[in-house]
Asker: 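Here it is: the structure, laid out below.
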Number of protein chains: 2
Amino acid sequence: MASKDRILRLKEETRANILDAALRIVKEEGWQALSMRKIADKIEYTAPIIYEYFASKEAILLELNRQGYLKLAKELQLAKDDHNSPAEQLEAMWLAYWNFAFANKELYQGMFGITTSCACEMVNKLPEAELPWDIITGSISELMKIEDLESEIICTKYYTFWSIVHGLVSINLLDRGNSDEINRQVLRDAITGIIRSITP
Amino acid sequence: MASKDRILRLKEETRANILDAALRIVKEEGWQALSMRKIADKIEYTAPIIYEYFASKEAILLELNRQGYLKLAKELQLAKDDHNSPAEQLEAMWLAYWNFAFANKELYQGMFGITTSCACEMVNKLPEAELPWDIITGSISELMKIEDLESEIICTKYYTFWSIVHGLVSINLLDRGNSDEINRQVLRDAITGIIRSITP
DNA sequence: TAAATCATTTAACAGTGTTAAGCAAATGTA
DNA sequence: TACATTTGCTTAACACTGTTAAATGATTTA
């Protein structure tokens with residue numbers, strides 16, 4: 001009886017190992033270099049065994065992204081909890097978003113890269129309460145004193161925020177035109193600018 | 001003697017055909033589906049012939065991107081020429097940028113997609129006068145009454161502009177959270193906001 | 001007409017994701 | 001203990017990828 005548990009635990013472990021190996025390869029050699037056989041090598045198995053844990057390579061990428069969204073949500077929540085006023089919360093959250101992107105470059109590329117079009121579908125499959133979207137719009141609606149989280153105005157403001165931060169992030173991920181500090185300042189200016197513009 | 005010319009002309013033509021076929025495949029089936037054999041099929045040759053015209057698949061992608069940058073620059077210049085004041089020029093140019101992105105979705109993805117890291121290196125290999133960068137910073141420096149196009153302040157403002165527009169574009173390319181009109185309005189607001197903030 | 005060059009194709013290599021078949025060890029059953 | 005069954009894992013294979021070398025057949029040159 002208990003051996004069943006042990007086996008299940010082992011299975012869960014190799015599943016985690018697969019994901020871990022995949023992410024390690026991506027960090028070392030980039031998304032392009034990720035292959036099933038390389039993953040298998042890293043966990044000291046042969047390739048077909050992976051299909052016992054994931055239906056396809058795509059499924060592995062999807063799961064990595066899912067974990068990325070959860071991780072991002074967790075860090076946003078952490079940043080939010082550190083502050084009381086919605087304005088401070090928003091600033092802290094978008095800075096946390098920025099930090100997440102650079103601390104997890106490859107993950108972020110997978111999650112929000114233009115070519116990986118799964119981002120949208122993926123986001124919708126996550127547990128609602130833990131979505132980055134909800135955590136942030138909460139503060140926006142509080143700041144604007146609008147109850148309905150799904151209202152058009154909240155949605156628009158959220159997208160404005162997201163666009164600016166994501167734009168800065170992605171341009172820095174591919175070009176790094178300015179120094180870190182300058183870009184951080186641009187980010188800060190943009191964020192406080194929007195916050196001011198939506199503060200009643 | 002003249003036959004040499006004819007042959008050269010034919011060669012130039014098939015080179016263009018290769019690029020054309022590649023872009024058509026990408027538009028029909030996405031970047032992921034692009035393969036040498038498919039290109040060869042479309043131009044009614046076999047795959048190895050492509051290597052007479054391009055060193056590798058990567059080289060084809062690079063050339064497609066190059067053409068994309070030139071096309072974008074041309075449209076920016078066109079938009080610029082339609083207006084006199086630098087403020088109007090900037091608004092028109094960023095709207096043209098936005099329109100280019102959606103009229104050439106796949107091309108834009110290739111040019112500025114996070115995962116395709118060639119964007120930065122590519123841009124630097126283009127004839128200077130025709131770079132998007134130069135066309136836009138010209139108007140910024142005129143508006144701010146600063147001579148030096150390479151000065152830090154101009155550079156920063158350019159990146160601020162670019163980040164916001166690119167952010168809006170790329171999020172709309174993967175999510176389309178709002179309607180077209182709303183996003184266009186967000187874009188307009190953002191652009192006029194920055195223009196106002198840098199107008200002396 | 002013979003030689004040389006050119007354009008193009010076929011065949012092949014190493015790699016990819018994925019599936020099916022096989023094997024060998026562990027487990028369940030009598 | 002002996003047999004049957006399931007499990008874990010590997011080998012072999014398929015269709016595809018980018019790319020290269022060799023072979024072929026047509027065209028130009030001498």
Side-chain angles (χ1 to χ4, degrees), chain A residues 1-26 28-65 106 110 115-118, chain B residues 1-26 28-65 106 110 115-118:
Chain A
M1 299 299 121
S3 76
K4 287 269 178 204
D5 288 10
R6 196 200 72 237
I7 288 170
L8 236 89
R9 218 165 44 233
L10 278 175
K11 280 217 150 197
E12 197 48 54
E13 199 176 315
T14 45
R15 201 188 125 92
N17 283 346
I18 290 171
L19 292 169
D20 185 63
L23 193 56
R24 242 161 55 219
I25 293 167
V26 169
E28 286 163 12
E29 311 176 54
W31 285 105
Q32 186 204 23
L34 183 65
S35 84
M36 299 299 259
R37 285 172 177 84
K38 254 185 208 164
I39 297 176
D41 258 27
K42 215 147 232 191
I43 60 169
E44 297 180 298
Y45 279 99
T46 48
I49 212 70
I50 303 178
Y51 292 86
E52 308 269 321
Y53 299 87
F54 295 94
S56 64
K57 186 184 179 184
E58 181 81 10
I60 296 177
L61 304 187
L62 233 66
E63 178 58 21
L64 283 178
N65 285 348
E106 299 80 14
T115 40
T116 56
S117 57
C118 61
Chain B
M1 298 297 120
S3 76
K4 287 268 176 207
D5 289 9
R6 196 200 74 238
I7 287 169
L8 237 87
R9 217 165 44 233
L10 278 175
K11 280 216 150 201
E12 197 46 54
E13 198 176 316
T14 47
R15 201 188 125 92
N17 284 344
I18 290 170
L19 291 169
D20 185 63
L23 193 55
R24 242 161 54 217
I25 292 167
V26 170
E28 287 164 10
E29 311 176 53
W31 286 104
Q32 184 204 27
L34 184 66
S35 85
M36 299 300 258
R37 286 173 177 86
K38 254 184 209 166
I39 297 175
D41 257 26
K42 217 150 228 186
I43 61 169
E44 298 181 297
Y45 279 99
T46 48
I49 213 72
I50 303 178
Y51 291 86
E52 306 272 320
Y53 299 87
F54 294 94
S56 64
K57 186 185 179 184
E58 180 82 10
I60 296 177
L61 303 187
L62 232 67
E63 178 59 21
L64 282 178
N65 285 346
E106 299 77 16
T115 39
T116 57
S117 58
C118 60

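Worth saying up front: this structure is predicted, and the values here are computed from it rather than measured. Letters go in sequence order (proteins before strands), and every chain restarts at 1.
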Asker: Ignoring hydrogens and geometry beyond distance, is the side chain of A:R37 in donor-acceptor contact with the base of C:dG17 at under 3.5 Å?
Answerer: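 When only heavy-atom distances are counted, A:R37 does reach the base of C:dG17 through a donor-acceptor pair under 3.5 Å.
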Asker: If you take all heavy atoms of B:Y53 and B:I49, which pair is closest and at what distance?
Answerer: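 Looking at all heavy atoms of both residues, the shortest contact is CD1-O, 3.4 Å.
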Asker: What is the distance, rounded to the nearest whole Å, between atom CD of A:E44 and atom C1' of D:dT10?
Answerer: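 So the two atoms are 15 Å apart, to the nearest Å.
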Asker: Consider the side chain of A:S56, meaning its heavy atoms from C-beta on, and name the nucleotide among D:dG18, C:dT18, D:dC9 that approaches it most closely.
Answerer: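 Within the option list, the nearest is C:dT18.
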Asker: In whole angstrom, what separates A:K57's NZ from C:dG17's P?
Answerer: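 Taking NZ of A:K57 and P of C:dG17, I get 4 Å after rounding.
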Asker: Checking contacts here: which listed nucleotide (C:dA11, C:dT19, C:dT8) is nearest the side-chain heavy atoms of A:Y51?
Answerer: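 Nearest nucleotide to the side chain: C:dT19.
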Asker: Would you please test B:E28 and B:K42 for salt bridge (Lys or Arg N to Asp or Glu O under 4.0 Å) and show each step?
Answerer: CA-CA 13 Å; B:E28 287 164 10; B:K42 217 150 228 186; 2.8 Å; yes
Asker: Please check: side-chain N/O of B:K57 versus main-chain N/O of B:L34, any donor-acceptor pairing under 3.5 Å?
Answerer: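 At least one qualifying donor-acceptor pair exists.
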Asker: Assign A:I39 to base, sugar-phosphate, or nothing according to its heavy-atom contacts below 4.0 angstrom with the strands shown.
Answerer: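 If one applies the 4.0 Å heavy-atom cut-off, A:I39 turns out to touch nothing in the nucleic acid.
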Asker: What are the residues of residues 10-25 of chain B, sorted by number, that bring a heavy atom to within less than 4.0 Å of DNA chain D?
Answerer: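 The stretch gives none, as no residue of it lies under 4.0 Å from the strand.
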Asker: At under 4.0 Å between heavy atoms, what does A:E52 touch on the DNA or RNA strands: base, sugar-phosphate, or nothing?
Answerer: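 No contact at all - A:E52 keeps every heavy atom at 4.0 Å or more from the nucleic acid.
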Asker: Name the residue closer to the 5' end of DNA chain C, choosing between A:K38 and B:I49 according to the nucleotide with the nearest heavy atom.
Answerer: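 By nearest-heavy-atom nucleotide position, the 5'-most residue is B:I49.
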Asker: How many whole angstroms separate atom OH of B:Y53 from atom P of C:dC6?
Answerer: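 After rounding, the reported distance stands at 13 Å.
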Asker: Is the side chain of A:S56 donor-acceptor paired with the backbone N or O of A:A59 at a distance under 3.5 Å, no angle test?
Answerer: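 It does hold such a pair.
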Asker: Would you indicate what B:L34 reaches in the nucleic acid, counting non-hydrogen atoms under 4.0 angstrom: base, sugar-phosphate, or nothing?
Answerer: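 Counting heavy atoms under 4.0 Å across all strands, the contact made by B:L34 is with sugar-phosphate only.
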Asker: Are A:F54 and A:L62 side-chain neighbours, meaning at least one heavy-atom pair lies under 4.5 Å?
Answerer: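 Heavy-atom side-chain distance check fails, nothing below 4.5 Å.
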Asker: Ignoring hydrogens, what is the shortest heavy-atom contact between A:I43 and A:A21? Give both atom names and the distance.
Answerer: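 Answer, listing the atom of A:I43 first, then A:A21: CG2-CB, 3.9 Å.
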Asker: Check the distance between D:dG18's C1' and B:Q32's CD and give it to me in whole angstrom.
Answerer: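 Distance check: B:Q32 CD to D:dG18 C1' gives 16 Å.
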Asker: In whole angstroms, how far is the P atom of C:dG17 from the CD1 atom of A:I50?
Answerer: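 Distance, rounded to whole Å: 9 Å.
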Asker: For B:F54 and D:dG18, what is the distance between atoms CZ and P respectively, to the nearest whole Å?
Answerer: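 Atom CZ in B:F54 sits about 15 Å away from atom P in D:dG18.
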Asker: Counting only side-chain N and O atoms of A:T46, is one of them less than 4.0 Å from OP1 or OP2 of D:dC9?
Answerer: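 The answer is no; no side-chain N or O of A:T46 sits under 4.0 Å from OP1 or OP2.
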Asker: Calculate the interatomic distance between A:L61 atom CG and C:dT16 atom C1'; express it in whole Å.
Answerer: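 Nearest whole value for this atom pair: 14 Å.
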Asker: To the side chain of A:Y45, which of C:dT18, D:dT19, D:dT10 is closest?
Answerer: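 Within the option list, the nearest is D:dT10.
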Asker: Calculate the interatomic distance between A:D41 atom CG and D:dT10 atom P; express it in whole Å.
Answerer: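 It works out to 11 Å between those atoms.
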Asker: Are B:R37 and B:D41 close enough for a salt bridge, meaning some N to O gap below 4.0 Å?
Answerer: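 No, no charged N to carboxylate O under 4.0 Å.
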